[in-house]
Chemist: 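The structure follows.
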2 protein chains.
Amino acid sequence: MDKRPDPIGFGFFAFVKMNIFRIKSSYMFSKASQYAIKAIIYIWMKSLQDSKAGAKEIGSEIDAPEAFTAKILQQLSRAKLIGSVKGPNGGFYADESHTNKTLKDVVRAVDGDSLFTGCSLGLNKCSEKNPCPLHFEIVGIRQKLDQMLTNKSIKHLAVEVIKGETNIKRILQVNK
Amino acid sequence: MDKRPDPIGFGFFAFVKMNIFRIKSSYMFSKASQYAIKAIIYIWMKSLQDSKAGAKEIGSEIDAPEAFTAKILQQLSRAKLIGSVKGPNGGFYADESHTNKTLKDVVRAVDGDSLFTGCSLGLNKCSEKNPCPLHFEIVGIRQKLDQMLTNKSIKHLAVEVIKGETNIKRILQVNK
DNA sequence: AAATTAAAGGATAATTTTGTCCTTATATGG
DNA sequence: CCATATAAGGACAAAATTATCCTTTAATTT
Ligand code: FES
Ligand code: FES
């Protein structure tokens, strides 16, 4: 039976033995993937306006650390999800040759595909034959996520950001 | 190793300057949450058979490191998602007072609720008014996940494992 | 009451992910 | 060809997550 100090009556002691357990923040995508998605959308935005984007600019425009963003851009470039040019007026870009690349490609390039194919509860293998307790529920959800990441055109998402319908950057604390 | 097809056809150059970047493994849930989910299901299994489970046993039965599992069990216990008794014949258990606890409670107890309420692309706040490019697609998926984690009875999941319909432990490499 | 058992908790280590900095390679413009 | 700008890459640092070990607390059994 839990006999820890009553936070009201013994608030001081409660404070002393406060959070031993850190609060984590888990999301669907790793930070690297989040940055990658925002970066590639931004690159498409620039490319639609016939210009390239440098790593520094991208990092600052998507609220991501610049050097880390540069690493991620390398990965995207090596995976041929974007193009890159060195030197003056160089930078990252996307063109027709990249139009059929999907957000799923992006996520897989930086996170691998455990999100799509691994067992949600960490069994060594996701299997219909030996399903984990969440398997049949998770596969449906995962499939929806998969479809979304393959069907949504990155270019189109970029257009929406250009139109101001969606944001790629930290929301300012203006609204209530 | 992820070696996705290179549509242009110069993949072998890519091979030369192989993976500087580590492959990560991102899942929907953190490892801590995965262990927590499997642990609470196991505890229910034991409780349905009128016995308690110790941290060591639980760790070994769900293929999780024992000491780490013990930490997670502490969190579940403090969040009152399970009960615990010290001393001989002690251990962790679940009873009627825990029947209305959900897997969502479990995930939130160990991972917080950024998975449910945070922006999938890491904007400081998920908002309909200032949505990120994935917002309207993600909310649907997230809601499905949320519903699943609140509606599936943990007790019932335990019954399924008891019946052998699902697994909580590493799948053996026997099947093909 | 004493011995025993198991959870609670603290400290710390290992690993992974995230982030920084600096050097090297290379394309561009002059 | 030379200077410059920018991506590529390597090495390293910081932070977060995962993992281990040991001490303390509290039940239970004898
Ligand atoms: S077996 Fe766990 S998600 Fe498929
Ligand atoms: S604003 Fe990004 S998920 Fe809602």
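Just so it is clear: chains get the letters A, B, ... in the order the sequence lines come, proteins before strands, and each one is counted from 1.
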Chemist: Step by step, work out the side-chain contact (heavy atoms from CB on, under 4.5 Å) result for B/Leu157 and B/Ile37.
Modeler: CA-CA 10 Å; B/Leu157 293 175; B/Ile37 291 171; over 6 Å; no
Chemist: Applying a 4.0 Å non-hydrogen cut-off, can you work out what B/Ala64 is touching in the nucleic acid: base, sugar-phosphate, or nothing?
Modeler: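 Here B/Ala64 touches no strand at all.
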Chemist: Can you measure A/Lys24 atom NZ to D/dA19 atom C1' for me and round it to whole angstrom units?
Modeler: 11 Å
Chemist: Quick check on A/Lys144: does its NZ atom have over 12 non-hydrogen neighbours (other residues, nucleotides or ligands) under 6.0 Å away?
Modeler: no
Chemist: Write down the distance between CD (A/Gln75) and P (D/dA7), rounded to a whole number of angstrom.
Modeler: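 Whole-Å distance recorded here is 16 Å.
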Chemist: How many Å lie between NZ on B/Lys56 and C1' on D/dC22, as a whole number?
Modeler: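 Distance, rounded to whole Å: 15 Å.
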Chemist: Please pick, from D/dA7, D/dT18, D/dA19, the nucleotide with the shortest atom-to-atom distance to any side-chain atom of B/Ala32.
Modeler: D/dT18
Chemist: Is the shortest side-chain N/O distance from A/Tyr35 to OP1 or OP2 of C/dT18 below 4.0 Å?
Modeler: no
Chemist: Which of the following nucleotides, D/dT4, D/dG9, C/dA11, is nearest to the side chain of B/Lys71?
Modeler: C/dA11
Chemist: In whole angstrom, give the distance that lies between atom NZ of B/Lys31 and atom P of D/dT20.
Modeler: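 Distance, rounded to whole Å: 12 Å.
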Chemist: If the cut-off is 4.0 Å, is A/Arg78 near the phosphate of D/dA7, judged by side-chain N/O to OP1 or OP2?
Modeler: no
Chemist: Round to the nearest Å and state the distance from A/Gln74 atom CD to C/dT23 atom C1'.
Modeler: 13 Å
Chemist: How many whole angstroms separate atom CD1 of B/Ile72 from atom C1' of C/dG9?
Modeler: 15 Å
Chemist: Which whole-number value in Å describes the distance from A/Tyr93 OH to C/dA27 C1'?
Modeler: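 In whole Å, C/dA27 C1' and A/Tyr93 OH are 12 Å from each other.
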Chemist: Counting side-chain heavy atoms from C-beta on, which of D/dA8, C/dA8, C/dG19 comes nearest to B/Phe92?
Modeler: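 Of D/dA8, C/dA8, C/dG19, C/dA8 is nearest to the side chain of B/Phe92.
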Chemist: Does B/Lys169 have more than 12 heavy atoms from other residues, nucleotides or ligands lying within 6.0 Å of its NZ?
Modeler: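 More than 12 within 6.0 Å, yes.
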Chemist: Using OP1 and OP2 only, check whether a side-chain N or O of A/Ser84 sits under 4.0 Å from D/dA8.
Modeler: yes
Chemist: Classify A/Ala67 by what it touches in the nucleic acid, base, sugar-phosphate, or nothing, heavy-atom distance under 4.0 Å.
Modeler: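 Here A/Ala67 touches the bases of the nucleic acid.
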Chemist: Taking for each residue the nucleotide of DNA chain C with the nearest heavy atom, is it A/Ser33 or A/Pro88 whose nucleotide lies nearer the 5' end?
Modeler: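 Mapping each residue to its closest nucleotide by heavy atoms, the 5'-most match is A/Ser33.
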Chemist: Between atom CZ in A/Phe68 and atom P in C/dC22, what is the gap in whole Å?
Modeler: 19 Å
Chemist: Just one of A/Thr150, A/Asn151, A/Asp146 clears the side-chain hydrogen bond (donor to acceptor under 3.5 Å, both in side chains) bar with A/Lys104, so which one?
Modeler: A/Asp146
Chemist: Determine, for B/Glu57 against B/Lys46, whether the closest basic-nitrogen to carboxylate-oxygen distance falls under 4.0 angstrom.
Modeler: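 Answer for the salt bridge query: yes.
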Chemist: Is a donor-acceptor pair below 3.5 Å formed from side chain B/Lys86 to base D/dT25, judging by atom type as modelled?
Modeler: yes
Chemist: Give the nucleotide from the list D/dA8, C/dA7, C/dG19 with an atom nearest to the side chain of A/Ser77.
Modeler: D/dA8
Chemist: With nearest nucleotide decided by heavy atoms, which residue, A/Gly90 or B/Asn89, maps closer to the 5′ end of DNA chain C?
Modeler: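 Closer to the 5' end of DNA chain C: B/Asn89.
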